[in-house]
Amino acid sequence: MPQKTLSAFYGKPKSSPNAAALRESAPNPLVPINVNFIAEKVKKQGREDEAVQQKKRRRLARVVEDSPSNNTIKEGDDLEDDVEGVILNEKSKTWAESESEAVHCSIEETCPAIAGGVEDGVKNQNTWVAVASSKMSSIPQLESFSEAPKKVASIFMKPKPKSPRAPANKSTSAASKPDQNEGEAGQDAGVEPIVRIEAEENVASPSSVTAAEKRVKADVGKVEGVGLGALAAASKHAAVDVDSVVGGRWDKDQPIPFEFLADTFEEISETSKRLDIVNLLINCFRAILTTTPEDLLPAIYLCTNRVAPAHYGVELGIGEGILFKALSTATGRSEQRIKDALKQEGDLGIVAVKLKSTQKTFGAGSKLTVRGVFKAFKDIATSSGKNSQKVKEGSIVKMLASSKGNETGYVIRSLQAKLRIGLAEQSVLTALAHSFYLWREGARDKDGRLADKLEQASQLVKQAYSECPSYDVMIPALLSHPMEELLQHCHFMPGVPVKPMLAKATNAVTEVIDKFQDSEFTCEYKYDGERAQLHVLEDGTVMIFSRNSENNSSKYPDIVQRVHKALRSDVKSIVLDTEAVAYDRDKKKILPFQVLSTRKRKDVAVGDIDVQVCVFAFDCLYINGRSLLKCPLEERRAALYSAMQEMEGEMQFATAKTSKDVEELQRFLDEAVDGCTEGLIVKTLCDTYEPAKRSSHWLKLKKDYLQGVGDTIDVVPIGAFHGKGKRTGVFGAYLLSIYDPETETYQTISKLGTGFSEEVLQQLADCMTPHIIDKPKKYYTWGETLVPDVWFDTVKVWEVKAADLSISPVHKAGLGLVDPVKGISIRFPRLIRVRDDKAPEDATSAEQIADMFRKQAYHKTEDVKEQDEEDGQEDE
DNA sequence: ACTGTCTGCCC
DNA sequence: ATTCTGC
DNA sequence: GCAGAATGGGCAGACAGT
């Protein structure tokens with residue numbers, strides 16, 4: 001089962017293991033399974049053999065499921081494998097959900113009803129009591145801690161039949177927590193704590209959900225399979241008629257049920273074959289197009305985890321924090337409990353599905369629709385101000401309540417903007433192109449050229465999107481005009497950011513020569529600042545976009561102001577590709593990225609800018625109404641040089657050199673590094689601008705890419721974090737330290753999450769797990785906000801590569817040596833190799849780190865450079 | 001008004 | 001950002 | 001080689017809580 005799939009958790013026929021089997025099938029060696037507290041606790045007693053333990057567990061409590069609508073727990077019910085674990089927490093007067101927050105009380109006093117069945121060894125331990133089962137649909141609320149015994153007893157002794165309540169009414173329940181339904185709790189043991197809601201925009205007409213016999217009568221009717229060329233190999237999904245995709249789940253012109261999208265996601269998650277993934281999405285889009293085309297736009301947004309084009313600056317503002325809260329409210333579990341579950345499952349979506357699946361819901365299925373979910377997302381994104389967090393939480397809870405099965409998981413994953421099903425922007429664009437083509441032209445391969453045509457359509461759509469990255473523009477254009485006309489409606493123009501061209505990493509100077517062979521190439525300094533795409537519109541408006549197409553115009557009013565001065569008078573409109581770099585005007589020196597990043601970001605006034613920037617221009621993409629994207633770099637650069645005049649320290653051309661000589665290239669790279677830049681970007685002169693592509697026409701040449709060159713640090717792992725997603729079950733990241741012989745302490749220097757293959761990742765986990773210790777050693781120093789899930793003894797030394805060293809607000813390496821209160825950290829840390837030849841005390845020392853920091857080009861004064869040379873001699 | 005936490009966005 | 005991986 | 005998914009440091013801004 002692919003890790004990313006949710007299906008196992010909501011009971012697809014082929015894989016619906018019960019909770020226990022699931023735990024069996026996916027053991028996590030790193031996380032003690034803390035779901036079954038009873039089992040855990042009994043194990044800890046450690047004296048009895050397994051048979052006695054089982055007996056004890058049975059005697060603790062038992063559960064039976066009378067019927068789906070009458071989930072109650074009686075004394076003697078068998079909880080054995082379904083115990084969810086509920087512990088009393090005196091502080092919060094709630095049911096704690098981990099041992100760590102459990103109050104110590106005896107079973108006897110808490111729950112005399114079951115204490116009788118517990119042997120003295122346990123009863124007198126004054127520890128904890130587990131009372132709930134996954135089959136128990138509600139946990140009684142506590143008003144005071146002292147009433148706990150009564151409530152617990154009432155569950156066990158006097159179960160009341162589940163008494164269905166009318167769904168809460170809309171206005172009051174949006175933000176209401178289960179505990180606001182106090183007083184009824186005792187009688188409501190059978191009522192799920194989730195807040196249910198009738199939300200008109202989320203409700204499809206009942207008939208569309210239930211009338212399975214109603215078939216779609218789409219205009220296009222049955223569409224024949226593609227089954228051709230490259231697609232033939234994966235035509236399993238393409239050769240499908242739209243009717244069967246729709247499966248009678250909704251009618252023409254009816255809102256697309258969110259369930260349909262979630263099911264598509266689920267199917268996609270089950271394969272890693274890209275062709276299959278795209279085909280599944282094509283079928284999904286075709287179904288939407290033939291029934292309810294107006295729902296395509298929201299569907300696309302849900303597929304790409306956005307709510308608006310990037311340059312609109314609309315963000316969800318949802319992260320794990322709020323999701324923990326929302327899930328807690330929706331499921332009645334504590335946040336801690338959900339966090340623990342996340343560590344075990346490695347995905348909050350899976351956690352949500354699992355929690356939800358243990359709750360019985362009323363009524364028919366989900367009422368979520370694609371447009372309803374999207375609208376909710378938009379509302380979440382636009383809510384701000386006081387109490388906005390609560391409002392956001394409320395609408396998430398609402399969606400969770402209306403969701404069922406895998407929908408729950410995909411609502412959560414969408415909110416995290418991480419579908420992690422192997423589908424992202426590029427696949428969506430391909431699917432979009434194909435589905436539109438098939439929708440318009442039909443799937444019959446009339447002339448044997450269908451595969452080509454689909455590929456063409458895909459290129460067209462991708463080009464349109466990189467030139468005009470807005471589905472708000474593109475989808476309507478596709479819907480109301482022939483595909484061939486797409487570029488007339490979606491094309492590059494000042495005011496809308498183009499996806500910037502990216503560069504690829506190279507490992508050696510010779511690789512550059514290798515890749516570019518005989519074509520002429522040019523090198524530019526790679527400035528360490530922020531990508532800035534400058535747009536000057538015909539009306540004189542200046543706009544600035546970031547690498548990710550965010551609108552940064554209000555962040556750089558100083559640049560906006562100076563652009564006109566730098567442009568020659570005949571320039572009416574222009575788009576420049578530049579890097580904005582922090583700059584010290586007095587010393588005429590480039591400043592590090594870390595300085596630039598302290599600039600204010602919103603509504604900056606020119607008057608109170610404290611970090612000045614110099615703009616280094618290196619490309620011209622548009623001038624006076626003409627796109628230069630299709631022109632060779634040589635021409636674009638000529639346009640740049642003639643359109644702009646340099647203003648020292650404000651707007652300059654990127655330092656460049658054209659050469660074919662390896663040694664000259666090497667020298668230029670050294671110069672670049674001395675000049676406080678990251679290295680070089682090497683570009684062919686003959687190639688066009690390729691938006692969004694990390695093409696091999698631009699190469700990144702950085703010192704730290706070169707093997708055996710660049711800063712390397714020997715570190716000691718002293719902690720680790722549980723992995724998520726495909727790293728579930730191993731450590732996803734490690735906490736690294738260096739050794740300070742002066743103070744005899746290990747000081748954290750950074751975390752580490754890349755540079756290991758899956759195999760190594762597993763090896764490291766196996767290797768380090770035996771060295772887990774209960775609590776950090778006294779001689780560790782770390783940041784309070786960076787506490788790892790597990791601590792290690794100091795046993796290993798790893799070699800890690802760094803691009804730079806920085807002064808850290810959280811890490812402690814070399815504390816006091818460079819900054820009185822801050823330590824040093826690593827920029828872009830990655831694992832190079834395990835150093836089995838070194839002992840932890842031989843790790844890089846605090847003094848060495850401080851030295852490395854001081855020697856970075858940015859900090860080099862003339863004296864330090866001299867010092868360097870001396871050091872160099874000493875080292876020999 | 002201050003502080004701590006979460007989030008998004010730079011790299 | 002860097003790095004790894006399946007296709 | 002592409003596309004996607006793991007993961008890093010560190011900053012400002014927005015809120016919530018005090």
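Per chain, numbering begins at 1; letters A, B, ... match sequence-line order.
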Residue whose nearest DNA chain D nucleotide is more 5′ - A:Lys504 or A:Ser750
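Per heavy-atom nearest nucleotide, the more 5' residue is A:Lys504.
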Whichever of A:Lys751 and A:Ser388 has its nearest DNA chain D nucleotide further upstream toward 5':
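Going by which nucleotide is closer to the 5' end, it is A:Lys751.
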Of all the choices, [options], which nucleotide is nearest to the side chain of [X] once you look at every atom?
X	options	value
A:Thr598	D:dC11, D:dG10, C:dT2	D:dC11
A:Lys602	D:dG8, D:dG4, D:dA14	D:dA14
A:Ala424	C:dA1, D:dG4, D:dC15	D:dG4
A:Arg274	D:dG10, D:dA3, C:dT5	D:dA3
A:Glu758	D:dG10, D:dG8, C:dT5	C:dT5
A:Pro809	D:dG8, D:dA5, D:dG10	D:dG10

With heavy atoms under 4.0 Å as the rule, sort [X] into base, sugar-phosphate or nothing.
X	result
A:Leu423	sugar-phosphate
A:Ser696	nothing
A:Tyr705	sugar-phosphate
A:Lys700	sugar-phosphate
A:Ile749	nothing
A:Lys418	base
A:Leu831	nothing

Rounded to the nearest Å, what distance is computed from the [atom1] atom of residue [X] to the [atom2] atom of nucleotide [N]?
X	N	atom1	atom2	result
A:Gln459	D:dC2	CD	P	12 Å
A:Leu502	D:dC2	CG	P	11 Å
A:Lys703	C:dA1	NZ	P	20 Å
A:Ile832	C:dT3	CD1	C1'	10 Å
A:Gln762	D:dA6	CD	P	16 Å
A:Arg599	D:dG10	CZ	C1'	17 Å
A:Asn387	D:dA14	CG	P	17 Å
A:Tyr556	D:dA12	OH	C1'	12 Å

Let's test your reading of the model: under 3.5 Å, does the base of C:dT2 pair with the side chain of A:Thr754 as donor and acceptor?
yes
Can you name the side chain to side chain donor-acceptor pair (under 3.5 Å) partners of A:Tyr301, sequence neighbours left out?
A:Asp472
State which residues pass side chain to side chain donor-acceptor pair (under 3.5 Å) with A:Arg830; sequence neighbours excluded, sorted by chain then number.
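Only A:Asp704 meet the side chain to side chain donor-acceptor pair (under 3.5 Å) criterion with A:Arg830.
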[X] side chain N/O closer than 4.0 Å to the phosphate oxygens (OP1, OP2) of [N]?
X	N	value
A:Gln594	D:dC11	yes
A:Lys702	C:dT2	yes
A:Tyr734	D:dG8	no
A:Lys726	D:dA6	no
A:Ser272	C:dC7	yes
A:Arg420	D:dA6	yes

Taking protein heavy atoms under 4.0 Å as touching, what does nucleotides 5-11 of chain B look like 5' to 3' if B marks base contact, S marks sugar-phosphate-only contact and - marks none?
-SSBSBB
Looking just at side-chain N and O atoms, do A:Glu678 and A:Tyr525 make a donor-acceptor pair shorter than 3.5 Å?
no
Could you name each residue pair satisfying ring pair (Phe, Tyr, Trp, His ring centres under 6.0 Å) that touches residues 689-715 of chain A, not counting sequence neighbours?
A:Tyr689-A:Trp698
Tell me whether A:Asp789 contacts the main-chain N or O of A:His722 through its side chain, where contact means a donor paired with an acceptor under 3.5 Å.
yes
So, A:Thr382 side chain and A:Asp379 main chain: donor-acceptor pair closer than 3.5 Å or not?
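Between the backbone of A:Asp379 and the side chain of A:Thr382 there is a qualifying donor-acceptor contact (under 3.5 Å).
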List for me each residue that meets ring pair (Phe, Tyr, Trp, His ring centres under 6.0 Å) alongside A:Phe721, sequence neighbours excluded, and say none if there are none.
none
Pair listing, salt bridge (Lys or Arg N to Asp or Glu O under 4.0 Å) test, anchored in residues 591-614 of chain A, at least two apart
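Salt bridge (Lys or Arg N to Asp or Glu O under 4.0 Å) check on residues 591-614 of chain A returns A:Asp558-A:Arg599.
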Check: A:Trp798 ring centroid to A:Tyr734 ring centroid under 6.0 Å
yes
